[in-house]
2 protein chains.
Amino acid sequence: MSITGCTDLIEALSSASTVDELHTVCSRLCEDYGFERFIYGSRIPTSFVKPYFIFISGYPKAWRDHYTERNYMIVDPTVVYCAENITPMLWDRRSVLHDPTPEVQRFMSEAQDFGISSGISFPVHSAQGDFAMLSLASELQVINRPMIDQVLPVGQLFTAYLHEAVRRVFDSDVLPLTRVELTQREKECLLWVTEGKTNWETSRILNISERTVVFHLQNIQTKLGVSNRHQAVARAVAQGFIQPQFTQ
Amino acid sequence: MSITGCTDLIEALSSASTVDELHTVCSRLCEDYGFERFIYGSRIPTSFVKPYFIFISGYPKAWRDHYTERNYMIVDPTVVYCAENITPMLWDRRSVLHDPTPEVQRFMSEAQDFGISSGISFPVHSAQGDFAMLSLASELQVINRPMIDQVLPVGQLFTAYLHEAVRRVFDSDVLPLTRVELTQREKECLLWVTEGKTNWETSRILNISERTVVFHLQNIQTKLGVSNRHQAVARAVAQGFIQPQFTQ
DNA sequence: TCTTCAACTGTAAGATCTTACAGTTACGCA
DNA sequence: TGCGTAACTGTAAGATCTTACAGTTGAAGA
């Protein structure tokens with residue numbers, strides 16, 4: 001597969017409108033670059049305690065069920081790595097086991113029983129707080145280096161487009177929660193809350209009455225459907241409604 | 001440049017320990033893929049009102065100075081795009097001008113006067129709230145499609161490694177602010193705050209006294225150096241100290 | 001054994017937020 | 001002219017947070 005071979009894969013992602021189509025494109029990526037299995041997963045910060053998860057699985061169903069049942073997401077070293085990092089992770093039993101927690105050891109061993117022995121995982125983090133990752137897996141005991149060098153750049157790009165496509169496909173269905181419009185003034189008020197200012201301090205900064213600051217923050221709470229200011233701050237920051245400023 | 005040609009660039013990033021070395025590697029990327037100029041920029045969420053910026057510029061100094069003086073970051077369409085998106089942006093005067101704000105029009109025109117006419121920009125967002133981007137620019141009026149197809153996958157991967165390297169190089173110097181260790185219990189308390197729970201509610205959930213909840217949240221405020229709970233929530237969420245849970 | 005540290009607890013005054021009441025003003029658009 | 005909407009304002013009771021005081025307990029490591 002040449003470097004330009006990914007262009008049509010990405011176009012296929014952009015034109016996909018169903019999960020099945022996305023699944024097909026991921027399968028094609030696998031074939032093109034010599035992997036047997038893939039799995040895509042993402043976590044949308046609709047809540048901190050119970051976020052929204054999306055999976056597109058090309059893994060054996062039995063393994064997926066086992067994984068879910070045991071809540072392996074908090075053990076899986078690829079998830080742990082990708083949740084914190086921005087560059088791909090190469091993994092096989094040996095390379096992961098330099099940090100051999102018994103649980104991780106067991107996890108890797110069980111995965112291998114399902115034909116998932118080595119592979120590469122690509123993390124993506126979005127400005128809207130989404131965390132997504134794509135893993136490509138192989139039955140080979142040890143990672144095949146030339147294979148990796150081929151897929152490394154393509155996979156990173158592909159995963160970004162894949163997640164973008166997933167958001168597009170799923171947004172209309174299930175995620176109106178993450179599509180809230182805050183007015184300019186509302187964002188300004190919330191911004192100063194994140195800087196630790198009180199209502200009164202914010203009112204002096206924006207040159208409005210303290211009551212008006214409260215008014216805007218009340219509207220934000222209603223829009224976001226949250227019960228107090230702390231939750232509003234957490235949601236707004238996590239979902240990127242307010243971002244650090246660009247004024248130096 | 002073949003697809004595997006990026007491996008040594010990435011290795012060079014990983015072993016770099018100074019800004020100059022990083023600058024050199026970026027210049028090599030430019031040469032290898034047929035661009036004349038590059039600029040890397042990142043925004044670290046040390047604060048929402050005054051975040052920390054890092055730049056590695058291969059742009060003409062006169063243009064950089066002009067850009068900074070006019071505070072063009074909030075006008076620059078590549079910055080606006082990359083701050084919100086995860087996939088690369090192709091740009092030239094024509095493609096940007098389908099949305100011709102007078103300010104943007106002026107901006108693009110001025111950039112062209114400095115030999116920056118078209119190019120590609122790669123966004124990166126990290127779990128720690130960093131926003132980074134790398135732009136590769138060309139004097140060509142219109143984007144050269146084959147050139148783009150070559151650099152697209154490599155650029156996305158390169159930018160991730162570049163930002164990782166930048167964090168490594170800069171962390172020891174200037175960013176102890178973003179390296180705070182919260183204990184397990186502290187994170188738990190803060191997690192429930194982000195869910196809108198009061199001290200009393202959190203105390204019932206964690207089965208500890210209300211006073212202890214306050215105690216942990218006080219310690220968090222001290223550690224993060226913030227003045228109240230709202231700011232603590234904003235900082236902790238923005239910098240990824242607390243993340244949405246992985247329990248489904 | 002001594003030290004350190006995470007985790008834990010109580011009381012109370014004062015600051016701040018939350019929510020309820022009830023409005024006005026300015027602008028764009030049909 | 002009427003409608004919708006962003007932005008704005010005042011008062012006040014009660015809930016909640018913040019900060020000050022002053023501690024205990026248990027586990028790990030020097």
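All values below come from the heavy atoms of this structure, side chains included, with hydrogens, waters and symmetry mates left out. A, B, ... follow the sequence lines: proteins, then strands. Residue 1 opens every chain.
Checked by atom type, the side-chain pair B:Ser121/B:Trp91 shows a donor-acceptor distance below 3.5 Å. No hydrogens or angles considered: a donor-acceptor pair under 3.5 Å links the side chains of B:Tyr72 and B:Glu110.
Considering only the side chain of B:Gln218, D:dT19 comes nearest among C:dT18, D:dT19, D:dT9. Among C:dC8, C:dT18, C:dA22, the nucleotide with an atom closest to any side-chain atom of A:Arg229 is C:dT18. Proximity note for A:Thr183 (side chain, C-beta onward) versus D:dT16, D:dT9, D:dA6: the nearest is D:dA6. Checking D:dC17, D:dC8, D:dT19 against the side-chain heavy atoms of B:Val214 singles out D:dT19 as nearest.
Summarising the geometry, the separation between CH2 on A:Trp200 and C1' on C:dT16 is reported as 14 Å, rounded to the nearest angstrom. A straight line from CG of B:Asn219 to P of D:dA20 spans 13 Å, rounded to a whole angstrom. In this entry the distance linking CD of A:Glu186 with P of D:dA7 reads 7 Å, nearest Å. Between B:Leu217 atom CG and D:dT16 atom P there is a gap of 15 Å when expressed in whole angstrom units. Distance A:His216 NE2 to C:dC17 C1': 17 Å, rounded to the nearest Å. Put simply, CZ on A:Arg185 is 16 Å from C1' on C:dC27, counting in whole angstrom units. Protein atom NZ of B:Lys223 is 11 Å distant from nucleotide atom P of C:dC5, rounded to whole Å. Note: CG (B:Leu206) to P (C:dC8) measures 8 Å, nearest angstrom.
Between B:Thr212 and the phosphate of C:dA7, there is no side-chain N or O to OP1/OP2 separation shorter than 4.0 Å. Within the 4.0 Å cut-off from OP1 or OP2 of C:dG10, at least one side-chain nitrogen or oxygen of B:Ser209 is found. Regarding contacts with the backbone of D:dT16, every side-chain N or O of B:Asn199 stays at 4.0 angstrom or more from both OP1 and OP2.
The residue among A:Glu210 and B:Glu210 whose nearest nucleotide of DNA chain D lies closer to the 5′ end is A:Glu210. Mapped onto DNA chain C by nearest heavy atom, B:Asn228 and B:Gln184 fall at different nucleotides, with B:Gln184 at the one closer to the 5' end.
Residue-level contact check: A:Thr222 touches neither bases nor backbone, having no heavy atom under 4.0 Å from any strand. Residue contacts shown for B:Arg211 include a base, since a base heavy atom lies under 4.0 Å away. Residue-level contact check: B:Ser227 touches the backbone only, with heavy atoms under 4.0 Å from sugar-phosphate atoms and none from bases.
Ring geometry for A:Phe246 against B:Phe131 counts as perpendicular: the plane angle is over 60°, on a 0 to 90° scale with 30° as the lower cut.
Within the model, atoms CD1 of B:Ile116 and CG of B:Leu136 stand 12.0 Å from one another, a figure rounded to the nearest 0.5 Å.
Ion pairing between B:Glu188 and B:Arg185 holds under the 4.0 Å rule for side-chain N and carboxylate O.
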